[in-house]
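Remarks on the structure that follows.
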Amino acid sequence: MFKQIHKDSLYYGFPVTLLATQSIAGTDNISPISSSWTLNNHVVLGVSLEGQAYHNMLTTKEATINIADSKIWSNIERIARTTGKSHIDRNKKMMGYQYCSDKFQLGGFSKIPSATVKTAAIRECPIRIEVIIENIAPQDDFAIIICKIKSIFVDTSILHDNNHIDVTKWQPLLYQFRSYTTTSASLGQNFRFEEYLDATKPAN
């Protein structure tokens, strides 16, 4: 038996990413997001129109997408209710958002330079994707943003060799029904699996 339910949003399970953007003035901002997907050499993001990240990408046309792992969920929650906009929109005020001029410091994140874009990257995230913005499509209160990948960097601690990730060492942070969780075990691989999995070792 099924029952129809009604929800304002449905976060049934997405990877958490820290979207780093930079303003025209050179101020770096971090926005935790959970709406993203990849296809070939592109990443598609869902970003709120009310956040600083949207305004930064409109002007600078670039970003770094930092893929979080399970170790830093509490750091992310520290900045979850903050915004990089000094003027806070009414909706965000009602939800308790506060202005933060330096989310790197508040979240305890280390800023490192990127290789192919001006936007900073986050050392604590094992995977980063440096992108340029190709298309921005505003919707009601969010935008669909299509990014082209310029470069990908992976922490050597989760690599099997020069180009393959050891998935037994990689535990992405997931956002499931507004709860932080992660992967616990491999159930099997798709026929197109191309990374590395040591079947003798459990996932970390």
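Considering only heavy atoms from C-beta on, Y99 stays 4.5 Å or farther from T82 through its side chain. Between C147 and E62 the shortest side-chain heavy-atom distance does not fall below 4.5 Å. Put simply, the side chain of L106 reaches to within 4.5 Å of the side chain of I79, judged on heavy atoms. In this structure the side chain of Q52 never reaches within 4.5 angstrom of the side chain of S31, judged on heavy atoms. A heavy-atom distance below 4.5 Å is not found between the side chains of P126 and V154. No side-chain heavy atom of I158 sits less than 4.5 Å from a side-chain heavy atom of D166. No side-chain heavy atom of C125 sits less than 4.5 Å from a side-chain heavy atom of D69. Within the 4.5 Å cutoff, no side-chain heavy atoms of V131 are placed close to those of V117.
Applying the side chain to side chain donor-acceptor pair (under 3.5 Å) test to Y180 and every residue at least two apart in sequence or in another chain returns E77.
Residues P172 and T182 approach most closely at O-OG1, 2.7 Å, considering heavy atoms. Across N29 and G84, no two heavy atoms sit closer than the pair OD1-CA, 3.6 Å. R178 approaches S9 most closely through the heavy-atom pair NH2-OG, 2.7 Å. Nearest heavy-atom pair across A120 and S114 is C-OG, 3.8 Å. Taking both residues in full, the closest heavy atoms of Y54 and P138 are given as OH-CG, 3.7 Å, listed atom of the first, atom of the second, then distance. Among all heavy-atom pairs drawn from M57 and A63, the shortest one is SD-CB, 4.2 Å.
In terms of hydrophobic clustering, with Ile, Leu, Val, Met, Phe, Trp and Tyr side chains grouped at heavy-atom distances under 4.5 Å, L49 and I133 are assigned to a common cluster. Put simply, V44 and L39 are part of the same group of oily side chains (I, L, V, M, F, W, Y) that touch within less than 4.5 Å, one to the next. Linking Ile, Leu, Val, Met, Phe, Trp and Tyr residues whenever their side-chain heavy atoms come within less than 4.5 Å leaves I136 and W37 in two separate clusters. Linking ILVMFWY residues whenever their side-chain heavy atoms come closer than 4.5 Å, directly or via other members, leaves I33 and I146 in distinct clusters. Both L173 and I122 sit in one connected hydrophobic cluster of ILVMFWY residues. Membership requires side-chain heavy atoms under 4.5 Å apart, directly or through other members.
Remark: D102 CG to C100 SG distance equals 6.5 Å, nearest 0.5 Å. Going from atom OG1 of T38 over to atom CG of N40 covers 8.5 Å, rounded to the nearest 0.5 Å. Once rounded to the nearest 0.5 Å, the distance linking CG of L174 with OG1 of T183 reads 6.5 Å. Rounded to the nearest 0.5 Å, atoms CD (E50) and OG1 (T83) are 9.0 Å apart. Note that CD1 of I72 and CG of N66 are 8.5 Å apart. Values are rounded to the nearest 0.5 Å.
Remark: the backbone N or O of A137 is paired with a side-chain donor or acceptor of Q139 at under 3.5 angstrom. Using a distance-only test at 3.5 Å, with no hydrogens or angles considered, a donor-acceptor pair links the side chain of K103 to the main chain of I30. A donor-acceptor pair under 3.5 Å links the side-chain atoms of N75 to the main chain of G107, judged by distance alone. A donor-acceptor pair under 3.5 Å is absent between the side-chain atoms of S35 and the main chain of L45, judged by distance alone. Judged purely by atom type and a 3.5 angstrom limit, E130 uses its side chain to pair as donor or acceptor with the backbone of T116. Panel note: side chain D89, backbone K92; no donor-acceptor pair is recorded below 3.5 Å.
Taking the centre and axis of the six-membered ring of F153, the NZ or CZ atom of R128 falls inside the cone set by 45° and 6.0 Å.
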**Request:** Evaluate side-chain contact (heavy atoms from CB on, under 4.5 Å) for E134 paired with H42, printing each intermediate quantity in order.
**Result:** CA-CA 9 Å; E134 285 198 337; H42 285 78; 2.9 Å; yes
**Request:** Might you work through the side-chain contact (heavy atoms from CB on, under 4.5 Å) test for F142 and V47, ending with a clear yes or no?
**Result:** CA-CA 5 Å; F142 63 91; V47 176; over 6 Å; no
**Item:** Check against side-chain contact (heavy atoms from CB on, under 4.5 Å), I88 and K93
**Value:** CA-CA 6 Å; I88 304 176; K93 277 186 178 179; 3.7 Å; yes
**Message:** side-chain contact (heavy atoms from CB on, under 4.5 Å), that's the test. Do T64 and I129 meet it? Break it down for me.
**Reply:** CA-CA 6 Å; T64 64; I129 308 169; over 6 Å; no
Show the atom names and distances, to 0.1 Å, of all donor-acceptor pairs under 3.5 Å that link a side chain in residues 13-25 to residues at least two apart or in another chain.
from	atom 1	to	atom 2	distance (Å)
T21	OG1	N56	ND2	2.9
Q22	NE2	D28	OD1	3.1
S23	OG	A25	N	3.3
S23	OG	G26	N	3.4
S23	OG	T27	N	3.1

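Within 6.0 Å of the NZ atom in K111, the count of heavy atoms belonging to other residues, nucleotides or ligands exceeds 12. Environment of CE in M95: crowded, with over 12 heavy atoms of neighbouring residues, nucleotides or ligands closer than 6.0 Å.
Taking the six-membered ring for Trp and the full ring otherwise, Y175 and Y11 have centroids separated by under 6.0 Å.
Counted by atom type alone, T181 and Q176 present zero donor-acceptor pairs between their side chains at under 3.5 Å.
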